[in-house]
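To keep things clear, I will list the structure first and then write my remarks on it.
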Amino acid sequence: MELSVEALSFLIAIAFAAGTIDALAGGGGLLTIPALLTVGVPPIAALATNKLQAMIGTGSAVLAYFRAGRIDLRTFAMPAAGAFAGAVLGATAVQHVDPGFLTAVVPLLLIAMGFYFLLAPPMSEVDRHARLGRWGLTAVCAGIGFYDGFFGPGTGSFLTTALVALGGLGLVRAIANTKFINLATNVAGLSAMVAGGKVLWLLGLSMAAANVAGNQLGAWLAIRFGGRGVRPLLVVMSFALTIKLLSDPANPLWRLF
């Protein structure tokens, strides 16, 4: 698939912004997937290409958090394994869904996530008692992993919320370990997409370079200042991008009216 210089530059800039936001609190896919769809990338190819650039960017954030001593590999290896398995199932399932269905459902999921970010309770910076043990948290991460393999945007934010609300972690520790779990889902989802031949490699690697730079900036900001202030931006972006997608007369949702 050929893109104009303007479209490629637009996607690279979006990938940088998405990497920064993703390293802070998750939700970078709220920017990249609609951007890919906007320039004409088919829905499944957009999901697959986004997985490539997100995996590389997330990997760089994991490295930054690990060097800072924020990731607990022993505690979260099992939840990461559960998320990996869920993502494989989700990424396999999405390749057997009509692309028209995906084009229609993306705005609906973005609306749902916008309300989620708007209404979710505030997150504490302090560790507290966990509500779920390792197996329970693994089951939750497996479910979120399936969602990530099937669709993806907002996965980091869902994982961060789960680690804070159910795992008892403070916000920055939750963000760091979210990146580790999210890396597992990205690797799993990308593997399934590669097997299906859906990845646009040149575009994905170009976006990945910008995403890595953004993730490094976001990880530094999170370690230095904490993850506060990102959620309002995610709320605004989810609704703004929903409006953008729904403004396209070719969207199958218009057939309902």
Side-chain angles (χ1 to χ4, degrees), residues 20-30 54 58-87 90 112-149 151-189 215 218-235 238:
T20 304
I21 292 173
D22 213 39
L24 280 166
L30 289 170
T58 299
S60 74
V62 168
L63 184 59
Y65 282 122
F66 183 75
R67 285 175 173 172
R70 302 283 183 160
I71 294 179
D72 187 346
L73 295 177
R74 179 176 296 180
T75 299
F76 292 100
M78 189 180 295
F84 182 94
M113 284 187 293
F115 279 110
Y116 164 79
F117 293 128
L118 184 64
L119 301 175
M123 299 178 181
S124 171
E125 295 278 357
V126 180
D127 287 1
R128 54 191 176 82
H129 179 70
R131 296 184 180 180
L132 289 180
R134 183 175 298 182
W135 285 106
L137 200 58
T138 297
V140 170
C141 289
I144 297 175
F146 180 89
Y147 165 80
D148 189 39
F151 181 51
T155 297
S157 295
F158 293 145
L159 284 170
T160 298
T161 300
L163 295 187
V164 171
L166 303 176
L169 273 65
L171 183 56
V172 175
R173 281 193 67 215
I175 291 171
N177 286 285
T178 282
K179 292 289 96 183
F180 172 54
I181 297 171
N182 207 176
L183 178 61
T185 66
N186 282 333
V187 170
N215 265 282
W220 179 82
L221 290 171
I223 293 169
R224 180 71 175 81
F225 301 108
R228 298 179 300 275
V230 176
R231 189 168 66 176
L233 176 60
L234 292 175
V235 172
S238 61

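This structure is a prediction, so every number in the text was calculated from the model and none was measured.
Contact annotation: the side chain of Phe180 never approaches that of Asp72 to less than 4.5 Å [non-hydrogen atoms, C-beta and beyond]. Under the 4.5 Å side-chain criterion, counting only non-hydrogen atoms from C-beta, Leu163 is in contact with Leu137.
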- Task: Might you work through the side chain to side chain contact (heavy atoms under 4.5 Å, CB included) test for Phe66 and Leu73, ending with a clear yes or no?
- Result: CA-CA 9 Å; Phe66 183 75; Leu73 295 177; 3.6 Å; yes
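Asn215 and Ala61 get closest at one heavy-atom pair: OD1-CB, 3.3 Å. In plain terms, the two heavy atoms of Ile144 and Ala162 that are nearest each other are CD1-CB, 4.2 Å. Pairing each heavy atom of Val62 with each of Lys179, the nearest pair is CG2-O, 3.3 Å.
Thr58 and Asn186 are linked by a side-chain donor-acceptor pair at a separation below 3.5 angstrom, with hydrogens and angles left out of the test.
Just one of Asn177, Thr155, Thr178 meets the side chain to side chain donor-acceptor pair (under 3.5 Å) condition when paired with Thr160; it is Thr178. Looking at Asn182, Leu183, Val187 one by one, the single match for side chain to side chain contact (heavy atoms under 4.5 Å, CB included) with Thr185 turns out to be Asn182.
To the nearest 0.5 Å, atom SG of residue Cys141 and atom CZ of residue Phe158 are 13.5 Å apart. A distance of 14.0 Å separates CZ in Phe84 from CD1 in Ile181, rounded to the nearest 0.5 Å. In this structure, the separation between CZ on Phe76 and CZ on Arg173 is 6.0 Å, given to the nearest 0.5 Å. With rounding to the nearest 0.5 Å, the separation of CG in Leu159 from CG in Asp148 is 7.5 Å.
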